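A short write-up of the structure that comes next.
Convention: sequence-line order gives letters A, B, ...; per-chain numbering from 1. Nothing here was measured: the structure is a model prediction, and the numbers come from that model.
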There are 2 protein chains.
Amino acid sequence: MYRIGELAKACNINHDTLRFYEKNALLTPSSRSESGYRLYTEKDKDILEFILRAKNVGFTLSEIKELLSIEVDKANNACADVKTLVDTKLQTVENKLAELIRFQASLKRLSDACCGGEESAEHCTILEALESDTNAVRHEHHHD
Amino acid sequence: MYRIGELAKACNINHDTLRFYEKNALLTPSSRSESGYRLYTEKDKDILEFILRAKNVGFTLSEIKELLSIEVDKANNACADVKTLVDTKLQTVENKLAELIRFQASLKRLSDACCGGEESAEHCTILEALESDTNAVRHEHHHD
DNA sequence: ATACACCTTTGACTTAACTCCAAGGTCAAT
DNA sequence: ATTGACCTTGGAGTTAAGTCAAAGGTGTAT
């Protein structure tokens, strides 16, 4: 069991952020001590880590709330609904992945061009690095 | 040449956002008409698209400004500095990529479990899907 | 020449996501 | 029994990133 300060420190965030997440129904501590102190379990910590990772890749708190709300309820027949939500989010993730892979390629090309090869003059900005990427994929396409 | 409304519409954003980006030195239109209208070129549009994609994967505007400022200036000897910045950003991108791949795997597992296989009971929430991922990678590690 | 859609600027307002503050309770150590 | 680090609540303040509104200029179409 973590008290609020311990969990905050462990995850490197402000303790007020934890209260804020509680107020916004993202993460409620599993229990309270006699005297009213919030007590977080290891599972609560997993949820928090999930929230922080999701935030880091550009999900909003309300999107994260949606992700956390996903529950395949076998008894209830809401399975199809859940699958729709999951597949929508999966699509979002895959779009983000595609973007990031493009950024990665551009930055790599830039890093290599810099102080590296003979072709230092070729790719001088991230936009040019991106363009050369685009050109590689599409047809040649000059404009100055 | 796009006027502000045209570019905003083409990129599906508010025209005030373009003024906001200009005020914050992220994107300044290449020229103005006689009467003072902002005129954006195709290159300006490329920059805007870059900004929007970067935002989408969780970069802040000031990080994006940094990315856009990268220029390998051969004359100037700042090449090493640039490489450091680029490599730092590359690391950031690769961390984000790793997170997203994990999300993707979890969501896929969830999607497959739902309405799909026999094992519908196994992975009911994104956290459980994540956990089973963790378990696959690390040692077995029970806690209830 | 007058609508009308579009543009200008300045400045105030909004929303998401925190972050801080005040006034006070808890608890282990001196 | 009191200090000091921790916790509580409620509410106000901040920052990033827009978004809107007011007052007025532009430019093409009737």
Specify the separation, in whole Å, of atom [atom1] of [X] and atom [atom2] of [N].
{"X": "A/Leu26", "N": "C/dA16", "atom1": "CG", "atom2": "P", "value": "13 Å"}
{"X": "A/Glu22", "N": "D/dG10", "atom1": "CD", "atom2": "P", "value": "11 Å"}
{"X": "B/Asp16", "N": "C/dC7", "atom1": "CG", "atom2": "P", "value": "11 Å"}
{"X": "B/Arg3", "N": "D/dG25", "atom1": "CZ", "atom2": "C1'", "value": "14 Å"}
{"X": "B/Leu48", "N": "D/dA17", "atom1": "CG", "atom2": "C1'", "value": "15 Å"}
{"X": "A/Leu18", "N": "C/dC20", "atom1": "CG", "atom2": "C1'", "value": "15 Å"}
{"X": "A/Leu61", "N": "D/dA16", "atom1": "CG", "atom2": "C1'", "value": "14 Å"}
{"X": "A/His15", "N": "C/dC20", "atom1": "NE2", "atom2": "P", "value": "9 Å"}

Specify the residue among B/Arg19 and A/Phe20 whose closest nucleotide of DNA chain C lies further upstream toward the 5′ end.
->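 That would be B/Arg19.
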For DNA chain C, whose closest nucleotide is more 5', that of A/Glu34 or that of A/Lys23?
->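 So the residue in question is A/Lys23.
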Salt bridge present between B/Glu49 and B/Arg53 (N-O < 4.0 angstrom) =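 No, B/Glu49 and B/Arg53 are not salt-bridged.
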Could you tell me whether A/Asp46 and A/Lys43 make a salt bridge, using a distance below 4.0 angstrom between a side-chain N and a carboxylate O?
->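 A salt bridge is absent here (no side-chain N lies under 4.0 Å from a carboxylate O).
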Can A/Phe59 and A/Phe50 be said to form a ring-ring contact (aromatic ring centres under 6.0 Å, His included), step by step?
-> CA-CA 11 Å; A/Phe59 284 104; A/Phe50 176 84; 8.4 Å; no
Contact class for [X] vs. all strands (heavy atom < 4.0 Å): base, sugar-phosphate, or nothing?
{"X": "A/Thr60", "value": "sugar-phosphate"}
{"X": "A/Arg38", "value": "sugar-phosphate"}
{"X": "B/Asn14", "value": "sugar-phosphate"}

For the base of C/dG25, is there a side-chain donor-acceptor partner from A/Tyr37 under 3.5 Å away?
->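 Flag set: donor-acceptor pair detected.
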Taking for each residue the nucleotide of DNA chain D bearing the nearest heavy atom, is the 5' side occupied by B/Ser62 or by A/Glu6?
->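 Closer to the 5' end of DNA chain D: A/Glu6.
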Choosing from D/dT26, C/dC18, D/dT9, which nucleotide comes nearest the side chain of A/Arg32?
->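 The closest nucleotide is D/dT9.
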Ring centroid separation A/Tyr37 to A/Tyr2 under 6.0 Å =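 No; A/Tyr2 has its ring centre 6.0 Å or more from that of A/Tyr37.
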Nearest-0.5 Å distance that lies between atom CG in B/Leu100 and atom CD in A/Glu99 =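 So the CG of B/Leu100 and the CD of A/Glu99 are separated by 11.0 Å.
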